[in-house]
Amino acid sequence: MIRFKSDKEDKPILDYSNLTFIRKLTRKMRDPKTKFDTKEFINRGEDYLFNYTNKNVGSVDEKRRKFLKSLIFGIAAAAVVGVIPGLKVLVPPTVTVTSGFPKSLLVDSSGNPIKASQIPVNSPFIVIFEYPMTGEPNFLINLGDSSGKPVEIPSTIVEVPQTGKTYTFPGGVGPNKSIVAYSAICQHLGCTPPYIHFYPPQYVGPSQLTASEPDQLTAAALLAAKQAKVPALIHCDCHGSTYDPYHGGSVLTGPTVRPLPAVVLEWDSSTDYLYAIGAVGVAAYPNGSNGVPTNNPNEDLSSSFGSPVGDKTTVQETENPFSS
């Protein structure tokens, strides 16, 4: 169960299985092969939504039907303004540093340790590793300036727009303190790469306004990058959410109201190896099914993502979206 916490309250908001379900549903809505027909939805209402969900996501039982009905007004509003699947799942975040994570060495596909000094600066490739569970992707990025020179990423305070709460991002690691890692799951509706990915400086410009998916930037994203004085950004082409990788994955533009959670990295200067040792940011790790908060991610995520990655996790260079 995902719970909302503040100084005065602690109450359940959304069952995690429903969060996983809505992520699957929105991905299907966006997929050209199973595209959601907004006109049919407006004409037929919930009957169309139930049939669509039953066909493309899975059987809609009574529990799921009630859940979809609870979202129907959000879906309808989004449809009217033409931004389906832009329905919002309002999950107020818990700002936390989660302990109990394994210490995992980052290795390549052959099992050899990744060396920090060999990670390209401002690489356009989507570089992913899973942590702390299999199936849970995170970006690995070596940040630089517009000329490709590594940029030291200092510790910074990150604000969660949804609540106004803050937390501390520890900063970059590696020989230039320029290497960072963020969740590759958009905090708006859960879109994953290639729809969300890193845009190096050479791709943060007006030409991206007319680029094809998944590389299109919004004018708001370009303006926000300019105002924040950052040469590169992380952008989700699903609905336009934009994040600042130089400042802890903070929000540059919505619709997201939550920063990207960060994986805490450790660099061993004697070997040049990198380790994932934890996470910081909005809670991606809900409380246990018994309602008691846990610091052990294995207890909560095994049914949603897979098994723990253990003491090693493989870094994969999946694709260069800009070349397609």
Side-chain angles (χ1 to χ4, degrees), residues 16 93-120 123 126-143 150 152-158 167-185 187 192-193 198 234 245 248-249 259-288 292-318:
Y16 206 75
T94 300
V95 177
T96 186
V97 177
T98 305
S99 60
F101 283 82
K103 182 175 181 176
S104 298
L105 175 67
L106 273 58
V107 300
D108 64 19
S109 57
S110 299
N112 300 312
I114 296 290
K115 291 194 173 184
S117 60
Q118 295 178 355
I119 299 175
S123 172
I126 297 174
V127 181
I128 295 291
F129 66 96
E130 297 176 336
Y131 185 84
M133 313 293 284
T134 58
E136 188 177 3
N138 301 277
F139 295 121
L140 182 66
I141 306 171
N142 194 359
L143 289 169
E152 180 177 338
I153 308 302
S155 175
T156 188
I157 301 297
V158 180
Y167 60 89
T168 301
F169 170 71
V173 300
N176 300 296
K177 299 182 179 179
S178 58
I179 298 172
V180 295
Y182 297 110
S183 171
I185 302 174
Q187 296 300 292
T192 55
F198 176 63
I234 294 173
L260 283 179
V263 174
V264 180
L265 297 174
E266 180 179 279
W267 176 57
D268 185 337
S269 60
S270 65
T271 60
D272 202 24
Y273 296 169
L274 290 167
Y275 298 84
I277 61 172
V280 62
V282 173
Y285 310 104
N287 298 335
V292 178
T294 177
N295 289 326
N296 182 358
N298 297 350
E299 293 182 4
D300 297 324
L301 299 181
S302 58
S303 62
S304 300
F305 288 101
S307 57
V309 298
D311 61 2
K312 294 181 181 177
T313 181
T314 302
V315 176
Q316 298 179 330
E317 193 175 82
T318 59

With the side chain counted from C-beta on, respond yes when [X] and [Y] share a heavy-atom pair under 4.5 Å apart, and no when they do not.
X: T168; Y: V280; result: no
X: T271; Y: P113; result: no
X: T313; Y: L106; result: yes
X: L274; Y: I119; result: yes
X: K177; Y: P154; result: no
X: F169; Y: V180; result: yes
X: Y273; Y: K115; result: yes
X: P193; Y: F139; result: yes

For the backbone of [Y] and the side chain of [X], can you confirm whether one donor and one acceptor N or O come within less than 3.5 Å of each other?
X: S178; Y: N142; result: no
X: N176; Y: P150; result: no
X: E130; Y: G135; result: yes
X: D272; Y: S117; result: yes
X: S183; Y: I185; result: yes

Find the distance between CD (E136) and CZ (F129) and round it off to the nearest 0.5 Å.
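Here the rounded value is 10.0 Å.
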
Quick check for you: to the nearest 0.5 Å, what is the distance between T156 atom OG1 and Y167 atom OH?
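So the OG1 of T156 and the OH of Y167 are separated by 10.0 Å.
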
What is the minimum heavy-atom distance between [X] and [Y], and which atoms define it?
X: P137; Y: I128; answer: CB-CG2, 3.8 Å
X: G174; Y: I179; answer: CA-CD1, 4.3 Å
X: N138; Y: Y131; answer: ND2-O, 3.0 Å
X: I277; Y: K103; answer: CG2-CG, 3.7 Å
X: P245; Y: Y182; answer: O-OH, 2.7 Å
X: P259; Y: Q187; answer: O-CG, 3.2 Å

Side chain to side chain contact (heavy atoms under 4.5 Å, CB included), that's the test. Do L140 and V263 meet it? Break it down for me.
CA-CA 9 Å; L140 182 66; V263 174; over 6 Å; no

